[in-house]
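See below for the structure under consideration.
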Amino acid sequence: MKAISKLKRIAFASPSRSLSLVSIGSRNVPASSSSSLLDEFTNFCYQRDLPRAMKAMDAMQRHGIWADSITYSELIKCCLARGAVNEAKLVHNHVFSNGHQPKTFLINILLNMYVKFNLLDQAQELFDQMPERNVVSWTTMISACTNAKLNAKALQYLILMLRESVMPNMFTYSSVLRACDGLLSLTQLHCSIIKAGLESDVFVRSALIDIYSKLGELQNALGVFNEMVTGDLVVWNSIIGGFAQNSDGDEALNLYKKMKRAGFPPDQSTLTSVLRACTGLALLELGRQVHVHVIKFDQDLILNNALLDMYCKCGNLKDANFVFTRMLEKDVISWSTMIAGLAQNGFSREALNLFQSMKEHGAKPNYITILGVLFACSHAGLVEDGWYYFQSMKKLFGIDPGREHYGCIIDLLGRAGKLDRAIKLIHEMGFEPDAVTWRALLGACRVHRNVDLAIFAAKQILKLDPEDAGTYILLSNIYANSQRWDEVAEVRRTMKAKGVRKEPGCSWIEVNKKIHAFILGDNSHPQIDEINSHLNQLIHRLMGLGYVPDTNFVLQDLEGEQSEDSLRYHSEKLAIVFGMISMSRGKTIRIRKNIRICGDCHIFAKLLTKMEQRTIVIRDPIRYHHFQDGVCSCGDYW
DNA sequence: CTAGGGTTAG
């Protein structure tokens, strides 16, 4: 992709210089005159007349004449712009013909040409034959390797170049930094960069920020960013993207504000990251504002995909569909995003229909697409369809089922109550089960109330993920419910010993472009009294209609202690009531929360939508719940 | 002649 965009850039590069000191064509000049042959060739090269230049070059070769390096570089640019690989190879042969030794400058250009044509082997061969390699030669090879994701090879080139005492420059570092896949090599490189005094180069800085972010070292990335005196758009995009990709949307958005204050107008890359931040935080209104800017960069595929995903993840399928149908160019990510978006939001049928339509459009599904399809089947209880896709995905789409696919199928079987089959599958799959696998089984146990198996699955999860507070609480609740107090104490002890704390339940709701957070046990919201009194009234009215606060949801309640009173103040209930007080009836109440919804809040929300004619969408860390008219899109399974 | 930033699941 990169090579192609480079080719394009060359194709639209500045028009050829005019050099016509000599008449063009061979009319006025005898063919045997070596100087006129050379002039002719030079003119054809600058005029980008490839066929004639090639002809003239052929004649020059027969006469043993060579042009200067700049002229050849023009010719090679022309070959690149036209994708003329064969001509380019002829140029290569010509400049080496009859034992002629071109300058390093020219060989570098040839090297780079092979890299841009994606002919790494040829580049390597030429590189190996070079009598003298300068920093450009080495950097060209390093950059070729990093682009091809040959990280070890890129680092190896750097070592070899240092061994030959060629000093890396900012080009070399910005290139080789992308090849770091461990903190050790990165720290060493960063030191060398500082020693060489190159850390203030914007290219090096953005590369440093980016690689630190990719390795999850955000504080280091921020350190490099904060030292910046003069920056540019890409440096800003690197740091914003870093936070957005490491699910720190808040910080990404803060930096975005700072960037605008610093006078840098956002581009496609910035907005993609901003949308990703909105997606993570479920900031639908901010996402909508970004949508306005997206229109200016019409039809940027990546940006549109990010916009699409934002609407899906914010539970707004209407706008997601609007964006999707208007995208002129769709790739496998667009289709996968929309399919998964429909499935996660409870529109399984639509997801499967879209998958059909994707295939009819000739788009090739990938690993992730199939995950969305399996998720849709699982969600709709389509055991047979899901099993069919799972069994035949290798044959139909050439994709080997991975851990995640098994996870979906375990979920599918579990949801359908086929726990035995699910366990059998865990044993049969070629992978060691991981925490995600066991969580899929645990989900089934919760719904089908299989306490023993739930304990087993929870223990497996904790073996693999000993910091998972939610699973500890769940396990402790299960024991408490069976009066197994010794084991309750044991779980609590383990948590204490490991320093695992249960995260307080927190729900967020966006009203009038402001985010309101509700945290369990926190009464700091200015309208908390009004909310509580309204909540009590609602509960009272709902109880009149048969609602019973369910303190027995031990397998579900990850948020607090199991008493009716604490259930009453679960954060999502407060957020829902606040939404009802502050938004008109026609508006959807959208809530995001940090831990999974409990069974009592789920029933509460369902009954409330029926009683009050409201629509509520709650996104928990892994599922979506669209409540309307007394039912939830999750089908009471989560 | 050589260099940096963005999208789907988990």
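We name chains A, B, ... by the order of the sequence lines, and we start the count at 1 in each one. All heavy atoms count here, side chains included; hydrogens, waters and symmetry mates do not.
OP1 or OP2 of B:dG4 has at least one side-chain nitrogen or oxygen of A:Arg178 nearer than 4.0 Å. For the pair A:Ser73 and B:dC1, the criterion of a side-chain N or O lying under 4.0 Å from OP1 or OP2 is not met. Proximity of A:Lys116 to the phosphate of B:dT2: a side-chain N or O atom is located under 4.0 Å from OP1 or OP2. Between A:Lys214 and B:dG6 there is a side-chain polar atom (N or O) within less than 4.0 angstrom of OP1 or OP2.
With ring centers used as reference points, A:Phe171 lies 6.0 Å or more from A:Phe203. Residues A:Phe127 and A:Tyr157 bring their aromatic ring centres within 6.0 Å. Aromatic pair A:Phe225/A:Trp236: centroids less than 6.0 angstrom apart. Remark: aromatic rings of A:Tyr624 and A:Phe375 are distant, center separation not under 6.0 Å. In summary, the aromatic rings of A:His379 and A:Phe347 are positioned with their centroids too far apart to meet the 6.0 Å limit.
At least one donor-acceptor pair closer than 3.5 Å links the side chain of A:Asp232 to the backbone N or O of A:Val235. Between the A:Arg415 side chain and the A:Ala444 main chain, no donor and acceptor come within less than 3.5 Å of each other. Between the side chain of A:Tyr72 and the backbone N or O of A:Ala67, at least one donor-acceptor pair lies under 3.5 Å.
Within the structure, side chain to side chain donor-acceptor pair (under 3.5 Å) pairs that include any residue of residues 330-345 of chain A comprise A:Asn305-A:Asp331, A:Asn305-A:Ser334, A:Asp331-A:Ser334, A:Ser336-A:Thr369, A:Asn345-A:His626 (at least two apart or interchain).
Among the atoms of the strands shown, only primed sugar atoms or phosphate atoms (P, OP1, OP2) are found under 4.0 Å from some heavy atom of A:Ile109. A:Lys103 comes within contact range of no nucleotide atom at all, as no heavy-atom separation falls under 4.0 Å. Residue-level contact check: A:Val176 touches neither bases nor backbone, having no heavy atom under 4.0 Å from any strand. Counting any heavy atom pair closer than 4.0 Å across all strands shown, A:Leu233 reaches a base atom. Contacts of A:Lys313 with the nucleic acid, taken as non-hydrogen atoms under 4.0 Å apart, involve only primed sugar atoms and P, OP1 or OP2. Here A:Thr337 lies in heavy-atom contact (under 4.0 Å) with sugar-phosphate atoms only. Within the 4.0 angstrom heavy-atom criterion, no nucleotide atom of any strand lies near A:Leu110. Contact annotation for A:Val204: no contact, since no heavy-atom pair falls under 4.0 Å across all strands. Counting any heavy atom pair closer than 4.0 Å across all strands shown, A:Asp300 reaches a base atom.
If you check B:dG4, B:dC1, B:dT7 against the side chain of A:Asp331, the one that comes closest is B:dT7. Counting only heavy atoms from C-beta on, A:Asn112 has its side chain closest to B:dT2 among B:dT7, B:dT2, B:dG4. Closest approach to the A:Val436 side chain among B:dG10, B:dT2, B:dT7 is made by B:dG10 (side chain taken as heavy atoms from C-beta onward). Nearest to the side-chain atoms of A:Val136 among the listed nucleotides B:dT2, B:dA9, B:dA3 stands B:dT2. Each of B:dA3, B:dT8, B:dC1 was ranked by its minimum atom distance to the side chain of A:Met170; first place goes to B:dA3. Ranking B:dG4, B:dT7, B:dC1 by closeness to the A:Ala207 side chain, first place goes to B:dG4. Of the candidate nucleotides B:dA3, B:dT7, B:dT2, B:dA3 has the atom lying nearest to any side-chain atom of A:Asp201.
Every salt bridge (charged side-chain N to carboxylate O under 4.0 Å, His left out) that A:Asp319 has, sequence neighbours left out, goes to A:Arg288. With sequence neighbours excluded, the residues satisfying side-chain hydrogen bond (donor to acceptor under 3.5 Å, both in side chains) with A:Ser378 are A:Asp411. Remark: A:Phe96 pairs with A:His92 by the ring-ring contact (aromatic ring centres under 6.0 Å, His included) rule, at least two apart or across chains.
For B:dG4, the base has a donor-acceptor partner in the side chain of A:Asp232 [N/O atoms by modelled type, under 3.5 angstrom]. Checked by distance alone, A:Ser174 brings no side-chain donor or acceptor within 3.5 Å of a matching partner on the base of B:dG4.
Interface residues of residues 268-279 of chain A facing DNA chain B, ordered by number: A:Gln268, A:Ser269, A:Thr272, A:Ser273, A:Arg276; criterion, heavy-atom separation under 4.0 Å. Within residues 397-412 of chain A, the residues that place at least one heavy atom under 4.0 Å from DNA chain B are, in residue-number order, A:Glu404.
The interatomic distance linking A:Tyr367 (OH) with B:dT8 (P) rounds to 16 Å, in whole Å. One atom, CE of A:Met338, and another, P of B:dT7, lie 20 Å apart when rounded to the nearest Å. Rounded to an integer number of Å, the gap from A:Asn134 CG to B:dC1 P is 13 Å. Going from atom CG of A:Asn169 over to atom P of B:dC1 covers 14 Å, rounded to whole Å. A:Met327 places its CE atom 13 Å from the P atom of B:dT8, with the value rounded to the nearest Å. The distance from atom CD of A:Gln245 to atom P of B:dG10 is 18 Å, rounded to the nearest whole Å. Distance A:Leu354 CG to B:dT8 P: 18 Å, rounded to the nearest Å. When the C1' atom of B:dT8 is taken as reference, atom CG of A:Asn304 falls 14 Å away, rounded to whole Å.
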